[in-house]
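Have a look at the structure below before the remarks.
One-based numbering along the sequence shown.
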Amino acid sequence: MPYTVALGGFDDISNFKSLSLEHWNSFNNEPPAFKEAYLKSLQVVIAKTRETTVGYLFFATFNSPYDDGCWCQVDMYYLSKAHRKQGIGKQMFDLLEQTAKLQGCSKIMSSYNLKQPLDAFYKERGYASTHTAVTKEI
């Protein structure tokens with residue numbers, strides 16, 4: 001099935017509610033109340049088959065607090081299970097990296113939920129584990 005990977009905006013994801021629900025259900029967690037205003041402030045790589053969005057990669061760029069460089073932070077990445085192992089995720093991250101470089105970034109950071117292990121995916125893309133993110137409900 002042909003697909004496209006391109007930069008877009010939150011409003012270009014007409015099926016965001018159903019796709020994000022699929023995303024959060026994969027963690028067996030209660031779905032969060034996504035704040036659309038915040039998501040609209042982020043940049044996003046979108047993967048589509050015809051007119052249906054099958055993946056999103058939300059990210060932001062910012063000035064590093066540690067040096068004079070610009071960094072990129074992946075906020076949320078999801079690719080529908082039915083569309084994995086086809087090179088779509090690789091193309092999404094390739095476009096992310098190209099965009100971040102054009103915006104002057106020298107580093108990309110990302111985290112992922114351990115319920116959806118992505119170690120091999122990130123390693124194949126050249127990412128190295130440098131930190132562990134932890135959370136605690138309070």
Side-chain angles (χ1 to χ4, degrees):
M1 177 177 287
Y3 60 88
T4 59
V5 173
L7 290 173
F10 178 81
D11 293 330
D12 297 318
I13 308 173
S14 61
N15 61 330
F16 178 77
K17 289 187 192 300
S18 63
L19 192 59
S20 64
L21 186 60
E22 178 185 322
H23 180 181
W24 242 252
N25 283 340
S26 69
F27 301 136
N28 297 317
N29 292 346
E30 289 294 318
F34 288 107
K35 297 186 179 190
E36 291 185 14
Y38 171 72
L39 292 173
K40 288 179 180 182
S41 74
L42 300 175
Q43 299 177 71
V44 62
V45 173
I46 300 171
K48 288 186 174 186
T49 57
R50 294 191 179 100
E51 295 302 315
T52 303
T53 300
V54 297
Y56 49 71
L57 194 165
F58 287 92
F59 67 98
T61 59
F62 60 95
N63 293 326
S64 166
Y66 307 108
D67 59 34
D68 292 333
C70 173
W71 291 7
C72 176
Q73 171 71 48
V74 174
D75 188 273
M76 203 167 46
Y77 165 61
Y78 184 69
L79 182 59
S80 180
K81 280 188 175 186
H83 297 90
R84 295 178 188 169
K85 306 278 186 199
Q86 299 176 44
I88 301 170
K90 178 187 180 322
Q91 286 191 0
M92 292 172 75
F93 270 82
D94 286 349
L95 182 54
L96 165 72
E97 290 177 20
Q98 292 167 8
T99 303
K101 280 184 188 178
L102 287 173
Q103 293 178 11
C105 292
S106 60
K107 184 175 287 202
I108 296 175
M109 297 179 297
S110 184
S111 62
Y112 56 90
N113 191 305
L114 294 175
K115 292 179 183 177
Q116 293 288 320
L118 291 169
D119 294 337
F121 175 81
Y122 278 105
K123 191 172 185 176
E124 288 172 8
R125 312 267 96 54
Y127 289 75
S129 295
T130 60
H131 295 77
T132 298
V134 296
T135 63
K136 177 183 179 181
E137 297 292 327
I138 55 171

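What you find for Leu79 and Gly89 is that their closest heavy atoms are CD2-N, 3.7 Å. Residue Ser20 comes nearest to Tyr56 through the heavy atom pair CA-OH, 3.4 Å, listed as atom of the first residue, atom of the second, then distance. For Glu97 against Ile108, the heavy-atom pair with the smallest separation is CG-CD1, 3.5 Å. Closest of all the heavy-atom pairs between Phe59 and Cys72 is CD1-SG, 3.6 Å. For Glu36 against Lys17, the heavy-atom pair with the smallest separation is OE2-NZ, 3.3 Å.
Annotation: side chain of Ser106 is in contact with side chain of Trp71 (closest heavy-atom distance under 4.5 Å). Looking at heavy atoms from C-beta onward, Leu19 lies out of side-chain contact with His23 at the 4.5 angstrom threshold.
Among residues two or more places apart in sequence or in another chain, the ring pair (Phe, Tyr, Trp, His ring centres under 6.0 Å) test is passed with Phe10 by Phe16. With sequence neighbours excluded, no residue forms a salt bridge (charged side-chain N to carboxylate O under 4.0 Å, His left out) with Lys101.
The hydrophobic clustering, which links ILVMFWY residues whose side-chain heavy atoms are closer than 4.5 Å, places Leu7 and Met92 together.
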Would you be so kind as to tabulate the donor-acceptor pairs closer than 3.5 Å made by side chains of residues 39-48, with sequence neighbours excluded?
unit_1 : atom_1 : unit_2 : atom_2 : d
Ser41  : OG     : Tyr38  : O      : 2.5
Gln43  : OE1    : Gln103 : NE2    : 2.7
Gln43  : NE2    : Gln103 : OE1    : 3.1
Lys48  : NZ     : Asp12  : O      : 3.2

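In this structure, CZ on Phe58 lies 8.5 Å from CZ on Phe34, to the nearest 0.5 angstrom. The CG atom of Leu57 sits 13.0 Å away from the CD atom of Gln91 when rounded to the nearest 0.5 Å.
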